[in-house]
Undergrad: 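Let me begin by handing over the structure; questions about it come next.
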2 protein chains.
Amino acid sequence: MTVRRTAINGWQGVKAEVLRRLRARRWKPGDLLPNEVDLAAELGCSRSTVNRALQGLADEGLLERRRRGGTRVVVHPEKKATFSIPVVRSQIERRGAAYGYRLLERRRERAPASVRARMNLPAGSRLLHVRALHLADGSAWALEDRWIDTDVVPAAGTVDFSVRSANEWLLETVPFGSGDMSLSAVPASDEAAEALGCRAGESLFVNERLTRDANRRAITSVRLVHAPGYRMSVEL
Amino acid sequence: MTVRRTAINGWQGVKAEVLRRLRARRWKPGDLLPNEVDLAAELGCSRSTVNRALQGLADEGLLERRRRGGTRVVVHPEKKATFSIPVVRSQIERRGAAYGYRLLERRRERAPASVRARMNLPAGSRLLHVRALHLADGSAWALEDRWIDTDVVPAAGTVDFSVRSANEWLLETVPFGSGDMSLSAVPASDEAAEALGCRAGESLFVNERLTRDANRRAITSVRLVHAPGYRMSVEL
DNA sequence: GAGTGGTCTAGACCACCCT
DNA sequence: GGGTGGTCTAGACCACTCC
């Protein structure tokens with residue numbers, strides 16, 4: 001007779017119990033778990049409840065489920081982190097600093113090859129180029145260098161980004177796209193050093209993003225170069 | 001009479017339909033959506049199906065739901081990305097390079113204050129200190145500097161990490177903890193420069209992680225300094 | 001107090017895929 | 001063929017919170 005100290009309460013309870021067994025090595029990597037019906041019977045709940053719990057664990061990368069194949073413990077669980085890409089303004093304000101913004105440049109011009117490649121555009125494409133500085137408590141926080149395809153977002157051509165950043169405007173106007181992000185470390189160029197008030201060659205954190213619309217057409221490509229000392233934190 | 005071109009198939013269909021309406025601005029940021037019962041009636045499915053779809057969108061940060069308060073469109077949708085922290089070995093092999101590993105140092109010693117603070121340990125704590133190099137096709141890829149609390153993971157004290165990295169050993173042995181990760185850019189120290197074969201002061205990408213067990217006790221603190229040119233990519 | 005989402009249940013059918 | 005997870009349904013009760 002098994003004694004259960006903690007009652008199984010709902011799908012969260014089932015999830016917790018399964019996690020406990022995984023940690024206790026009762027089910028080891030590669031092992032096959034009982035099927036949902038049996039587990040439901042053992043834990044005294046309905047199959048749907050077990051299903052919900054196991055799906056959650058599968059989403060988190062701890063279990064692998066296949067029709068007919070059953071549910072297995074993943075061999076090399078890769079920790080999954082989910083984090084949000086905040087608007088620069090909220091990022092700064094969340095740290096209790098006053099947000100400031102300064103537009104450096106805004107004009108339509110021929111995009112360089114690197115940008116065209118990233119956005120998958122033909123040679124000679126003219127894009128809206130916006131450069132701006134984000135400030136925290138008056139000092140430079142990040143330098144934004146952005147290219148916007150006004151064929152995809154015509155409205156952007158009529159906005160001057162002198163007060164609100166393109167960052168915010170785009171998020172509210174053209175939401176819900178897909179995209180990708182790339183993080184790296186680079187030495188400060190002369191230009192970046194001047195804008196950010198640091199020495200050339202200093203180590204800077206760079207965040208590059210490409211955003212696509214629902215049809216996977218590139219909307220904007222942005223490169224954010226952060227002032228020295230910037231850290232990006234993620235909960236696991 | 002509304003004409004529907006595409007049938008609503010299951011909860012994924014409902015989700016797609018809701019997304020369509022969000023993009024079409026039929027429901028704008030801040031708006032209140034119909035309640036689940038009404039939506040179910042309109043879309044010709046059961047409430048559970050609608051619930052599943054809306055929960056998904058809420059998880060993705062597009063909707064905000066409250067009991068009694070209903071479901072609202074989030075005003076400033078912050079794009080959420082979920083990415084996995086791969087074992088260094090898989091990261092290298094996925095790029096088609098041969099993985100190599102070299103243990104530089106392994107000994108028990110008094111932890112410096114910075115590490116103690118991070119791991120929340122009293123002064124004088126002795127930890128297992130492991131330094132190692134990860135190689136891709138024979139050249140330095142990342143320098144690992146790790147501290148392990150053997151009070152929390154006694155087994156680690158009996159493992160010499162000369163063949164398998166602590167990275168892999170820990171993942172298989174002490175899984176499923178919580179933790180946090182912090183990314184930054186730093187100039188190469190003399191020591192890092194020598195290990196990674198670059199010049200001192202070069203810009204390096206640093207990934208620091210703290211891992212806790214189920215009781216939130218710190219297991220290990222690791223600092224991975226990557227060779228110049230490293231990029232971390234994330235799908236959004 | 002009442003309306004909303006959160007969840008559980010029991011049953012059902014289906015898609016997949018291993019043997 | 002048959003067992004597994006994926007999903008839908010209809011109904012129910014509960015927890016929260018706005019009015």
Side-chain angles (χ1 to χ4, degrees), chain A residues 4 6-19 21-22 26-75 77 80 82, chain B residues 4 6-19 21-22 26-75 77 80 82:
Chain A
R4 193 173 318 296
T6 59
I8 305 295
N9 263 344
W11 69 268
Q12 313 217 33
V14 172
K15 183 173 163 184
E17 172 62 21
V18 172
L19 253 182
R21 294 183 184 185
L22 290 173
R26 175 160 165 189
W27 294 323
K28 289 179 281 295
D31 281 2
L32 192 62
L33 267 62
N35 70 37
E36 297 186 343
V37 177
D38 292 351
L39 252 183
E42 190 205 335
L43 299 179
C45 62
S46 77
R47 189 192 146 210
S48 323
T49 305
V50 170
N51 182 279
R52 173 86 200 251
L54 296 186
Q55 284 215 4
L57 291 166
D59 284 345
E60 290 171 22
L62 269 51
L63 300 177
E64 216 168 18
R65 325 188 71 209
R66 234 174 280 172
R67 281 165 152 137
R68 166 65 186 170
T71 301
R72 285 185 180 284
V73 183
V74 164
V75 247
K80 284 190 181 166
T82 151
Chain B
R4 195 173 315 298
T6 61
I8 305 296
N9 264 342
W11 69 268
Q12 312 216 35
V14 173
K15 184 172 162 183
E17 172 61 22
V18 172
L19 253 182
R21 294 184 183 183
L22 289 173
R26 175 160 164 187
W27 293 323
K28 290 178 280 297
D31 281 2
L32 192 62
L33 267 61
N35 71 34
E36 297 187 343
V37 178
D38 292 350
L39 252 184
E42 189 203 337
L43 300 179
C45 63
S46 77
R47 189 192 146 208
S48 322
T49 304
V50 170
N51 182 280
R52 175 85 202 253
L54 296 186
Q55 285 216 3
L57 290 166
D59 284 345
E60 291 171 23
L62 269 52
L63 300 178
E64 216 168 16
R65 324 186 72 207
R66 234 175 280 174
R67 283 166 153 136
R68 166 66 186 170
T71 301
R72 287 186 178 283
V73 183
V74 164
V75 245
K80 284 190 180 166
T82 151

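First the proteins, then the strands, lettered A, B, ... as listed; each starts at 1.
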Undergrad: Mind listing the closest non-hydrogen atom pair of B/Cys45 and B/Val50 along with its distance?
TA: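 Distance-wise, the nearest heavy atoms are SG-CG2, 3.8 Å.
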Undergrad: Where do B/Val74 and B/Leu63 come nearest, in terms of heavy atoms and distance?
TA: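 Result for this residue pair: CG2-C, 3.6 Å.
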Undergrad: Using whole Å, what does the distance between atom C1' of nucleotide C/dA15 and atom CG of B/Asn9 come to?
TA: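 About 14 Å, once rounded to whole Å.
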Undergrad: State whether B/Gln12 places a side-chain N or O below 4.0 Å from either non-bridging phosphate oxygen (OP1 or OP2) of D/dG6.
TA: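 For B/Gln12, the contact criterion (side-chain N or O under 4.0 Å from OP1 or OP2 of D/dG6) is not met.
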Undergrad: How many angstroms lie between CG in B/Asp59 and CG in A/Asp59, if you round to the nearest 0.5 Å?
TA: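 B/Asp59 atom CG to A/Asp59 atom CG measures 9.0 Å (nearest 0.5 Å).
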Undergrad: Quick one: closest heavy-atom pair of A/Leu39 and A/Arg21, and the distance?
TA: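 What the structure gives for the nearest pair is CD2-NH1, 4.3 Å.
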Undergrad: Using atom CG of B/Asn35 as one end and atom P of C/dG3 as the other, report the distance to the nearest whole Å.
TA: 11 Å
Undergrad: Please give, in whole Å, the distance from C/dG5 P to B/Leu57 CG?
TA: 14 Å
Undergrad: Do B/Gln55 and B/Arg65 come within less than 4.5 Å of each other through their side chains, counting heavy atoms only?
TA: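 A side-chain contact exists here, since the closest heavy-atom pair is under 4.5 Å.
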Undergrad: Starting at atom CG of B/Leu39, determine the distance to atom C1' of C/dG6, rounded to an integer number of angstrom.
TA: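 After rounding, the reported distance stands at 17 Å.
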Undergrad: List the atom of A/Val37, the atom of A/Arg47, and the distance in Å for their closest heavy-atom pair.
TA: CG2-CD, 4.2 Å
Undergrad: Measure across A/Ala53 and A/Trp11 and return the closest heavy-atom pair with its distance rounded to 0.1 Å.
TA: CB-O, 3.5 Å
Undergrad: Looking at C/dG6, D/dT4, D/dC8, which one has an atom nearest to any side-chain atom of B/Trp11?
TA: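 Comparing C/dG6, D/dT4, D/dC8 against the side chain of B/Trp11, the answer is D/dC8.
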Undergrad: Polar-atom pairs under 3.5 Å, protein N or O versus N or O of nucleotides 15-17 of chain D: list them with distances, or write none.
TA:
unit_1, atom_1, unit_2, atom_2, d
D/dA15, N3, B/Arg67, NE, 3.3

Undergrad: Distance check needed: D/dG3 P versus A/Asp38 CG, whole Å only.
TA: 12 Å
Undergrad: How close or far is atom P of D/dG5 from atom CZ of A/Arg72, stated in whole angstroms?
TA: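 Spelled out: CZ on A/Arg72 to P on D/dG5 is 11 Å.
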Undergrad: What pair of heavy atoms forms the shortest contact from B/Val18 to B/Trp27, and how long is it?
TA: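 Minimum heavy-atom contact is CG1-CZ3, 3.9 Å.
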Undergrad: Report the distance from atom CD of B/Gln55 to atom P of C/dC8, rounded to the nearest whole Å.
TA: 11 Å
Undergrad: Using whole Å, report how far CZ of A/Arg65 lies from P of C/dA15.
TA: 18 Å
Undergrad: What are the residues of residues 44-54 of chain A, sorted by number, that bring a heavy atom to within less than 4.0 Å of DNA chain D?
TA: A/Arg47, A/Asn51
Undergrad: Which residues satisfy the side-chain hydrogen bond (donor to acceptor under 3.5 Å, both in side chains) test with A/Glu60, sequence neighbours excluded?
TA: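 In terms of side-chain hydrogen bond (donor to acceptor under 3.5 Å, both in side chains), with neighbours along the sequence ignored, A/Glu60 is linked to A/Lys15.
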